Amino acid sequence: MTRLEVENLWVKFPTRNGIFDAVRGVSFSLGEERLGIVGESGSGKSMTGRAILRLIRKPGEVTANHISLDGEDLLQLSEREMRRIRGQRISMIMQDPKFSLNPVMTVGEQMLESYAQQAKGTRQQAKDKVLEMLEAVAIRDPLRVINAYPHELSGGMGQRIMIAMMLIPDPDILIADEPTSALDVSVQTQVLNILDKLVRDRGMGLIFISHDLNLVSAFCDRVLIMYSGRIVEACAADKLHEATHPYTQGLLKSLPRLDAPQERLQVLDRDPAWAKADSVSGIR
Amino acid sequence: MSGIIIDKLNVWFDTPEARVNAVKNVNLRVEKGQSVGLVGESGSGKSTILRALTGLIPTWSGSMEVADEKLGRKRSHRFYKKVQMVFQDPYASLHPRHSVDQVLSETLRLHGFSDIDQRISKLLSDVGLGPAFRFRYPHQLSGGQRQRVAIARALAPEPEILLLDEPTSALDVSVQAEILNLLVDLRLEHGLTYLMVSHDLAVIGHMCEYIAVMQLGEIVEIMPVKEMRELRPTHPYSRHLLESSLGYKSEDNSVQ
Ligand SMILES: Nc1ncnc2c1ncn2[C@@H]1O[C@H](COP(=O)(O)OP(=O)(O)OP(=O)(O)O)[C@@H](O)[C@H]1O
Ligand SMILES: Nc1ncnc2c1ncn2[C@@H]1O[C@H](COP(=O)(O)OP(=O)(O)OP(=O)(O)O)[C@@H](O)[C@H]1O
Ligand SMILES: [Mg+2]
Ligand SMILES: [Mg+2]
């Protein structure tokens with residue numbers, strides 16, 4: 001069942017060299033599934049996520065035929081209605097977690113605040129819930145971390161706090177922008193298992209933006225590959241290694257491998273034609 | 001000449017609630033021209049070691065020596081000419097109101113270079129950013145573009161020693177390959193010394209001769225990368241790290 005559908009999304013920025021199209025006519029759907037997005041640095045992955053939540057800052061501009069959540073077009077909503085969507089229905093884990101947290105509030109205060117917006121209950125219940133979330137994301141000493149400020153966290157701790165906070169509202173859709181890039185593999189596995197469970201047990205739709213091709217291939221159901229503001233290929237995640245687009249093939253070849261050391265890593269020969277071809281549809 | 005010598009290093013943070021002992025009795029040597037990888041659990045103290053070396057944390061004991069300079073409380077100007085760091089969190093390390101051009105030209109001027117214009121163009125193209133990025137501000141860049149600006153800034157003074165904290169974590173693998181090749185070339189040409197943090201063991205395997213594994217503030221094992229490749233770590237945590245690096249399995253699959 002499709003929960004989110006994006007059709008013909010464009011994100012434009014005026015720059016001193018003219019209008020820059022960061023996202024160029026992207027279409028895809030999301031069901032109760034794990035949808036991976038991989039692609040070139042600067043290809044528009046984060047902007048696609050932010051555009052869905054209408055979080056593109058001025059002077060940036062978003063247009064689309066529609067961005068619909070369970071049939072309702074988000075582009076038609078008032079800013080007030082949109083805040084409700086952001087608080088309750090769609091959450092986004094930002095790529096720069098520590099930057100997205102409030103620097104002058106403790107982790108505990110921030111988490112309690114977002115909990116209070118969702119649920120009624122005593123302060124003790126809220127505190128228990130926050131502790132439980134911190135433990136779920138494998139924070140070793142939750143009692144200390146609750147009283148810590150964002151700058152007192154390690155990179156991976158900040159990422160996990162952000163994940164825990166975005167899960168508090170129990171969203172229908174979660175957009176996770178590189179959510180585990182600062183985590184060691186064993187903590188990463190724990191965090192992914194939480195996300196996996198939400199998709200399976202509660203039918204959440206997950207957009208998982210990542211550079212880790214092996215991870216996306218193992219964890220996701222489908223993958224979109226972005227290049228220069230467009231989708232150049234869409235495939236089943238477990239077929240990622242059989243991808244046919246030369247960009248995707250090039251990506252797979254440039255991975256360093258633990259079992260097969262090389263002198264030099266292969267680099268891409270970028271073909272200008274890749275940026276010119278029409279966007280592939282990711283609608284299913 | 002020596003690279004980096006760390007002896008019995010302890011680093012702590014005093015918070016109102018308690019003292020956090022982030023690094024405990026760490027010994028580590030990186031010979032000149034060598035490249036050593038630092039891996040381990042999230043929150044285990046990797047960034048803290050690098051930050052202590054660059055003089056960002058005042059609360060430490062033990063001894064640190066970098067490029068024949070015994071480190072005290074303050075770092076000299078000479079130190080930053082020789083030693084540069086790429087921070088884990090590029091957003092926080094770039095001034096929000098300074099354009100890429102300002103960031104790089106300021107660093108270059110500070111270190112006494114004169115052909116600034118040419119150097120900026122070269123640095124940007126080295127990290128795969130075209131001239132169009134030169135006058136952008138940090139908020140106008142993608143995550144990976146910011147990370148590359150931070151790398152360009154660290155390379156600008158032509159340092160001998162680079163402290164790299166997850167330098168390619170926000171890059172797609174093709175750009176990562178370009179940056180890693182660049183770092184390998186620089187090391188070969190100029191005999192640079194690297195201490196590099198990454199959670200990606202394949203990246204460490206590609207870049208480093210030795211790997212140090214951290215857990216809970218301590219280095220639990222140091223081994224040649226070759227041993228890691230042959231899956232021969234001895235400490236249980238290093239084994240665990242290596243085994244889990246060999247692929248994600250969902251809970252359902254792993255119980256089978
Ligand atoms: N305010 C802005 N003005 C001009 N260009 C911008 C602005 N914000 C972003 N961009 C450009 O939009 C493009 C898409 O950015 P986006 O953050 O979506 O990339 P990304 O795919 O997430 O990359 P990464 O993997 O590096 O995070 C980038 O090339 C970026 O430079
Ligand atoms: N300014 C600070 N005040 C208090 N505690 C701090 C401060 N900076 C770091 N810490 C604590 O020190 C410990 C080590 O942090 P560090 O950033 O070195 O971890 P790391 O190994 O780099 O982890 P990651 O891989 O997640 O980045 C963490 O428990 C962190 O909360
Ligand atoms: Mg991004
Ligand atoms: Mg760190």
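The structure presented is a predicted model; accordingly, all values stated were derived computationally and were not measured. Letters A, B, ... are given to chains in the order of the sequence lines, protein chains preceding strands, and every chain is numbered from 1.
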* To do: Look at the side chain of B/N181 and the backbone N and O of A/R264, then say whether any donor-acceptor pair between them is shorter than 3.5 Å.
  => no
* **Donor-acceptor pair, side chain of B/R229 and main chain of A/L258, under 3.5 angstrom** => yes
Under a 4.5 Å heavy-atom cut-off, does chain A meet the side chain of [X], its backbone, both or neither?
| X | value |
| --- | --- |
| B/M207 | neither |
| B/D200 | neither |
| B/Q88 | side chain |
| B/I204 | neither |
| B/F133 | neither |
| B/A170 | both |
| B/L242 | side chain |
| B/V20 | side chain |
| B/S47 | neither |

Residue pair [X] / [Y]: nearest heavy atoms and the distance that separates them:
| X | Y | answer |
| --- | --- | --- |
| A/H211 | B/D172 | ND1-CA, 3.1 Å |
| A/P256 | B/Q176 | CD-NE2, 3.7 Å |
| B/Q145 | A/G42 | NE2-CA, 3.6 Å |
| A/Q95 | B/G144 | NE2-N, 4.4 Å |

* B/R136 to A/F20 six-membered ring, cation-pi geometry met (6.0 Å, 45°) -> yes
* Could you tell me whether A/R270 and B/E178 make a salt bridge, using a distance below 4.0 angstrom between a side-chain N and a carboxylate O? => yes
* **Of B/Q147, B/R148, B/R146, the residue whose pairing with A/S41 passes side chain to side chain donor-acceptor pair (under 3.5 Å)** => B/R148
